[in-house]
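Order of the sequence lines fixes the chain letters, A, B, ..., with proteins taken first and strands second; residue numbering starts at 1 for each chain. Excluded from the calculations below are hydrogen atoms, water molecules and symmetry mates; all remaining heavy atoms, backbone and side chain alike, are included. Predicted, not measured: the structure shown is a model, and the values here were computed from it.
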Amino acid sequence: MLDPKLLRSDPELVADNLKTRNFSLDVGTLQALEEKRKKVQTRTEDLQRERNSRSKAIGKAKAQGEDIQPLLDSVEKMGQELSSAEAELSAIQEEISGIMLTLPNMVHESVPPGKDEADNILVRTVGDVPDFDFDPRDHVDLASVNGLMDFKAGAALAGSRFVVMKGEIARLHRALVQLMLDTQTGENGYTEINVPHLVNANTLQGTGQLPKFEEDLFKLEGDFGFYMIPTSEVPVTNTVAGQMLAADSLPLKYTCHSVCFRSEAGAYGKDTRGMIRQHQFEKVEMVQIVRAEQSYDALEQMTLHAESILKKLGLAYRVVVLCGGDIGFGAAKTYDIEVWLPGQNAYREISSCSNCVDFQARRMQARIKNPDTGKTEFVHTLNGSGLAVGRTLVAVLENYQQADGSVLVPEALQPYMHGQQVILEVAA
RNA sequence: GGAGAGGUGUCCGAGUGGUCGAAGGAGCCAGCCUGGAAAGUUGGUAUACGGUUCACACCGUAUCGAGGGUUCGAAUCCCUCUCUCUCCGCCA
């Protein structure tokens, strides 16, 4: 959520900023609502004050054994007026907060303007794109041998955009999870955390998926009000919701392996082949809760933490900073990491690292007491993939393939593969 | 699933209709004390919103798990929900 004070005091500044992400803020409507709110609130509070003071007088009079009937009569008439003022006020406030919840975050000044991903700015390119002396296959062709990656089976069990993995592929997938968790915990200073895969609406509102993006989520039927998490960013970040954190407990750095569920509404016909875009996929996430003044440094570090996995795996990638038109709802600045996929002859997103500044913290009411000023302030939250496991699997298969269709196991993964150096070998 | 007990400020904890934003304690901050510290001692220490103000600040309103109700007045009474704990049942 945006700072309501800023929105009130300088709506043009906010509107200008949101223009960067092609969001048009209706300043006039908002200001009119605000003005009305102010008027009704003042009137309501005046009435409340009057009622309170008369009620106190009644209490006093009664204690002294006086006749309170005249006082009762005088206050009774206020009741109607007060309750209608209160109703009007809460209706206006509800309307305002409804709008506030749908406003995206303001972007950092370094975020480039732009319409879509074509306008993202390249930050750096790392590693060499492999040069094959044969026509490289994509991961579907490579791993479908013996049905080790079986989309038909997935479709039969659930529908399109599901997969069944077996044998060496399933193990490689698990090995990637292990490598990622071990790296983030052992080298990058994260604490491993394991969280619910089902959450309630309030939690999703805290991180910004609700109320605006419900169609992207899977919601469970029944009275529980459960949604399946689209990313563990949601439950992990919300572990600090509603808390007054000790300032010296920050930064909090969590890494979490989870399954993620996305409806992929609006992605019809996009990435229909293979494991790039599934309804269910696994991800190792990084989440940081930091002091405000540290969040942009933390974003740089977190991006490097994501990159550290790609470096270990020897995969070529590039880092881009998302332009205003491509950046997510809650983020103030986002780096995407794109890995080279020979099967697509293109770089494809494998991680997204965002600084949400105080946007989520304000929604969640996650705060610290600043020890220097004594003031309460919101923490800053960051999240990033470290990495998307399914897409990393795709990248390993496609980048390490050999002419005969077998795939070399990157050295960093071999300890997790019982020392196995090659998979998908065709029996001679 | 059944029975019971609870949810109060940063934390612990008192408070069953009125002067309670809330006793007391811990923590934290400041003053005194001290060569310095500890101890002691005095004071301060919630959040949000609104109003007045250049500002310091002051005033008002709301907030005792959440929402509704009763009442002139609710932390306190009633209803619904929710979470935690204990016991029983069931269960990976």
Side-chain angles (χ1 to χ4, degrees), chain A residues 1-9 11 30-101 194-206 210 220 222-227 235 238-250 252 289 291 358 361-379:
Chain A
M1 200 153 69
L2 296 174
D3 182 356
K5 275 184 199 143
L6 181 65
L7 196 57
R8 268 196 292 269
S9 65
L30 215 55
Q31 274 178 326
L33 261 177
E34 261 303 318
E35 221 158 284
K36 204 164 135 201
R37 192 214 89 236
K38 213 175 270 188
K39 224 174 73 193
V40 176
Q41 181 165 346
T42 312
R43 199 175 85 231
T44 307
E45 292 184 353
D46 280 346
L47 287 167
Q48 286 170 326
R49 174 170 47 86
E50 188 57 32
R51 183 218 41 211
N52 288 348
S53 76
R54 290 194 199 181
S55 290
K56 271 186 186 172
I58 291 173
K60 256 181 212 162
K62 205 174 170 190
Q64 289 165 9
E66 295 169 14
D67 177 20
I68 58 170
Q69 195 53 47
L71 288 164
L72 284 179
D73 293 341
S74 82
V75 79
E76 197 188 321
K77 291 180 213 140
M78 296 180 55
Q80 186 78 30
E81 198 184 347
L82 176 58
S83 64
S84 84
E86 282 175 335
E88 192 185 351
L89 178 62
S90 79
I92 294 170
Q93 280 171 333
E94 228 166 88
E95 191 177 350
I96 291 173
S97 78
I99 292 171
M100 292 292 292
L101 283 172
N194 190 297
V195 292
H197 285 50
L198 302 179
V199 296
N200 60 36
N202 191 46
T203 299
L204 285 155
Q205 184 174 298
L210 289 180
L220 267 59
D223 300 329
F224 288 107
F226 289 147
Y227 293 81
N238 273 283
T239 55
V240 298
Q243 292 197 35
M244 186 69 76
L245 298 160
D248 59 10
S249 70
L250 302 186
L252 290 170
I289 313 291
R291 296 279 295 269
D358 59 358
R362 185 172 278 112
R363 287 173 164 244
M364 295 188 302
Q365 290 295 305
R367 298 162 299 173
I368 59 160
K369 181 85 78 180
N370 185 323
D372 301 321
T373 63
K375 295 258 193 234
T376 305
E377 52 187 56
F378 290 110
V379 298

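Rounded to the nearest Å, the gap between the P atom of B:rA48 and that of B:rC56 is 16 Å. Spacing of P atoms, B:rG43 relative to B:rC49, comes out at 32 Å, to the nearest Å. Taking the C1' atoms as reference points, B:rU8 lies 14 Å from B:rU16, given to the whole Å. Spacing of P atoms, B:rA22 relative to B:rC33, comes out at 32 Å, to the nearest Å. Rounded to the nearest Å, the gap between the C1' atom of B:rC78 and that of B:rU70 is 7 Å. If you take atom P in B:rG18 and the same atom in B:rU76, they sit 12 Å apart, rounded to whole Å. To the nearest whole angstrom, the two P atoms, one in B:rA39 and one in B:rA26, are 11 Å apart. If you take atom P in B:rC20 and the same atom in B:rC11, they sit 24 Å apart, rounded to whole Å.
Looking at heavy-atom distances under 4.0 Å, A:K5 makes contact with sugar-phosphate atoms alone, never a base. Using a 4.0 Å heavy-atom criterion, one finds that A:K62 contacts the bases of the nucleic acid, with or without backbone contacts as well. Among the heavy atoms of the strands, none lies under 4.0 Å from A:R54. Backbone-only contact: A:R8 has heavy atoms under 4.0 Å from sugar-phosphate atoms and none from a base. Using a 4.0 Å heavy-atom cutoff across all strands shown, A:D46 reaches no nucleic acid atom at all.
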(message) Using the rule given for side-chain contact (heavy atoms from CB on, under 4.5 Å), can you reason through A:N52 versus A:K56, listing the C-alpha separation, both sets of side-chain angles and the distance that settles it, and then say yes or no?
(response) CA-CA 6 Å; A:N52 288 348; A:K56 271 186 186 172; 5.9 Å; no

(request) Kindly indicate, with the supporting measurements, whether the criterion salt bridge (Lys or Arg N to Asp or Glu O under 4.0 Å) is fulfilled by A:E34 and A:K38. (result) CA-CA 6 Å; A:E34 261 303 318; A:K38 213 175 270 188; 5.6 Å; no

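For the residue pair A:Q41 / A:E45, a side-chain donor-acceptor distance below 3.5 Å is found, with atom types taken as modelled.
Nearer the 5' end of RNA chain B, as judged by each residue's closest nucleotide, is the contact made by A:T42, out of A:T42 and A:V75. For the pair A:R37 and A:E50, nearest-nucleotide mapping onto RNA chain B gives the more 5' position to A:R37.
Across A:T203 and A:N238, no two heavy atoms sit closer than the pair O-ND2, 2.8 Å. Taking both residues in full, the closest heavy atoms of A:L210 and A:R363 are given as O-NH1, 3.2 Å, listed atom of the first, atom of the second, then distance. Closest approach of A:A361 to A:F378, counting heavy atoms only: O-CD2, 3.7 Å. A pairwise comparison of heavy atoms in A:P11 and A:S9 identifies CD-C, 3.6 Å as the closest pair.
Within a 6.0 Å radius of CD in A:E81, no more than 12 heavy atoms belonging to other residues, nucleotides or ligands are found.
Note that CZ of A:R43 is 6.5 Å distant from OG of A:S84, once rounded to the nearest 0.5 Å. A distance of 10.0 Å separates OG in A:S55 from CD in A:E50, rounded to the nearest 0.5 Å.
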(message) Output the pairing pattern of RNA chain B as a dot-bracket string, 5' first, Watson-Crick or G-U wobble with both distances under 3.5 Å, | for cross-strand pairs, [ ] for crossing pairs.
(response) ((((((((.[[[..)..(.....]]]((((((.......))))))(((((((....))))))).[[[[[..)....]]]]])))))))....

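From the 5' end on, the contacts that RNA chain B makes with chain A at under 4.0 Å to a non-hydrogen atom open and close at B:rU10 to B:rG73.
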